[in-house]
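Okay, structure first, notes after.
When reading the values below, keep in mind they use all heavy atoms of this one structure, side chains included, and skip hydrogens, waters and symmetry mates. Letters A, B, ... mirror the listed sequences (proteins, then strands); counts begin at 1.
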Protein chains: 2
Amino acid sequence: MSMRRTTIKDVAGAAGVGVATVSRVLSGGSASPETRERVLNVAAQLDYRPSALGRNLRQQRSGGIGLLLPDITDTFYGRLADGVLACARSAGEPVILGTTGDDPEREAELIGMLMEQGVDRVIAVPSGDGEIWAPTLRAGLTMVFAHRLSTGHGDVPAVLADDRAGVRTAVDYLTGLGHRRIAYLGGPGQEQRLSVFRQALGGLVDEELIVVARGSRDSAYAAAAGLFQHRPDLTAVLAGGNLLGEAAVLAARELDLRVPRDLSLIMFDDVPWAELCAPPLTVIAQPAQDIGYRAAELVLREGGRRPRGVLLPTELIVRGSCAPRRTPNKSG
Amino acid sequence: MSMRRTTIKDVAGAAGVGVATVSRVLSGGSASPETRERVLNVAAQLDYRPSALGRNLRQQRSGGIGLLLPDITDTFYGRLADGVLACARSAGEPVILGTTGDDPEREAELIGMLMEQGVDRVIAVPSGDGEIWAPTLRAGLTMVFAHRLSTGHGDVPAVLADDRAGVRTAVDYLTGLGHRRIAYLGGPGQEQRLSVFRQALGGLVDEELIVVARGSRDSAYAAAAGLFQHRPDLTAVLAGGNLLGEAAVLAARELDLRVPRDLSLIMFDDVPWAELCAPPLTVIAQPAQDIGYRAAELVLREGGRRPRGVLLPTELIVRGSCAPRRTPNKSG
DNA sequence: CATACTCATGGAAACGATTCCATCATGATT
DNA sequence: AATCATGATGGAATCGTTTCCATGAGTATG
């Protein structure tokens, strides 16, 4: 009942040539025009599709791109993945997706799985530090980091949003509105943003106002609620991602802090619901899809030369969640 | 510099046995206890990892699960993918992700790519009709549909949310509030929901109040705005997905329709921002992650028997976007 | 004691592609 | 005319694994 796949041998036999010739014709090698035409005709007639299995074994590598993300549920990573898929599709390459949950152990596990599969090109939002990636690099994989760097990364190129400028813009905007006690609500792997945040605030930085959550929604909410309860004197918050922003809105509402009257809120990453929120959220937009697309471009370029990383611009989009600091009412 | 991978031959040589024995030991075949131990020791010492490439070629199938979704940017599909990944991870199977954009042509292309890769297990949210999937089935692939059926599907098992009950609940809720002119704002592949909607409304159904958008945000917004402008007499809307719901909120705001005062809104699929919206959105929650997980379970079960599909419950979550119909003010 | 049967074992044949290499024909150069 | 370069071509090796089959040892049964 189930017929055997048509193989390159069948095509060779039907066209009256050797398998080597068929292979050459199909992969663009040299062949005489008439042979080429005959082979192509026969191949089309037999509906021949070369098996990636055979090719992969011979070439010692499975085509395809490994994509390692912390959480595909987060729309930021969803858009990033979309960018990777768009580029991969135009190159005809399959994408193998894995989620790490920001857990280095899971990440290492996934890397092992990818290498077992013969995947030799990986795009990752790294959670672990350099040690995890060292064996990967030694094995000769083509790597590109996206959105984050790995501490102690080798010379792995990275595609990043310009966090530096983004944080600076946000902080400038808030201080310009008169805010002094500004909190940062961060997620995993945002060391660079933190250092810029400290730097932008100059001497004003108050370490208690810097809180780092793990990747989950629960953790983000806990961090936000804890921060707001512990330091009711803060007047502005910079949330380092849409999950954190969501948590901040929720926690503020829960604690009867009105935005932007009692609390100015600015969020990294523009998401569709930012506009639907009450009030609409002021955000630092990041080109998530571009990040993915460019990362895929880099990892596919494969040209021996090491490309330097890419830095993509962010953009402040002012909506309604930030207001000038209310001057403390001394008579109240 | 780059050392050759350690192969099964190396292990066999170092352990003083044949390759067949090594293979048997590692894949759970029969072997004497002392041989088994020696082989396992040597394998561990050499850090031997069997190459999936060789195995795949021999077994004529690449492990792994193909996952075909309309749009990974949509959080519903993001959660669905998350479920699939969770199950696949526990089975140690890689997942190859492709997005169709609800375009049957792209879908067919992706199927071709998957078959070329030797993927023989696919989970899909189908956009095309039965004809597209016929060759797939004939080729002996294990298929599971998720979230949607393909019209004229063969005996492909499907994992679905209970749309029937969901639509009925929503309509009952709205009619219970006094609404009569209820619109349905649908997306691609929701034929079943539409028929249930018509059925639930009984004789009251007004075909002009049924609008179907394509998958994109733009299309959804256009559909919503067009509907609201064309039929200002409607008092309630059922949005068939979070993109449609988002569009409805946006369009209503644009047209100065206040929710729920002028317009009651109920949305399929509970998303985190539904709670952040003003007003918070009443929704029919769908277990997106479960759908993915169960689909992966089915496709991995592989037991020759054809499992029947799975129907998962939906849940009405009442928030603040629905209100009783205002009795028309005859003196106004 | 002879025969049959179980069980561990290793050699070798697949799997389907790519690619090295030898062969042969043709045309150009000396 | 002899040699050389060029280019098309097919046979065979190769990738790493699984699996079929033959072999031999050991045990049980007649």
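Using a 30° and 60° split on the angle between ring planes, B/His147 and B/Phe76 fall in the tilted class, from 30° to 60°.
For CZ of B/Arg294, the number of neighbouring non-hydrogen atoms (other residues, nucleotides, ligands) closer than 6.0 Å is 12 at most.
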Polar atom pairs (N or O), protein with nucleotides 23-28 of chain C, under 3.5 Å:
none

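Side-chain N/O atoms of A/Ser32 include none lying less than 4.0 angstrom from OP1 or OP2 on D/dG7. The side chain of B/Ser30 contributes no N or O atom lying less than 4.0 Å from OP1 or OP2 of C/dC7.
A salt bridge is absent between A/Arg89 and A/Asp82; no separation between the charged side-chain nitrogens and carboxylate oxygens falls under 4.0 Å. With salt bridges taken as basic N to acidic carboxylate O contacts below 4.0 Å, one links A/Arg148 and A/Asp102.
Rounded to 10 degrees, the angle separating the terminal helix axes of the helix from C/dC1-D/dG30 to C/dT30-D/dA1, each built from five base pairs, is 50°.
In this structure, the side chains of B/Arg121 and B/Leu141 stay at 4.5 Å or more apart for every pair of heavy atoms.
With hydrogens and angles left out, the side-chain atoms of B/Ser127 and B/Glu107 include a donor and acceptor closer than 3.5 Å.
Residue pairs satisfying the ring pair (Phe, Tyr, Trp, His ring centres under 6.0 Å) criterion with at least one member in residues 111-143 of chain A, sequence neighbours excluded, are listed as follows: A/Trp133-A/Phe145. Sorted by first and then second residue, the side-chain hydrogen bond (donor to acceptor under 3.5 Å, both in side chains) pairs involving residues 40-58 of chain B (not counting sequence neighbours) are A/Glu116-B/Arg49.
Contacts of A/Gly118 with the nucleic acid, taken as non-hydrogen atoms under 4.0 Å apart, are absent. Heavy atoms of A/Leu53 sit nowhere under 4.0 angstrom from any nucleic acid atom.
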Check your understanding: For every nucleotide of nucleotides 18-27 of chain D, 5' to 3': is a protein heavy atom under 4.0 Å from its base (B), only from its sugar-phosphate (S), or from neither (-)?
Key -> BBB-------
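Residues passing the salt bridge (charged side-chain N to carboxylate O under 4.0 Å, His left out) test with A/Asp71: none are found, sequence neighbours excluded.
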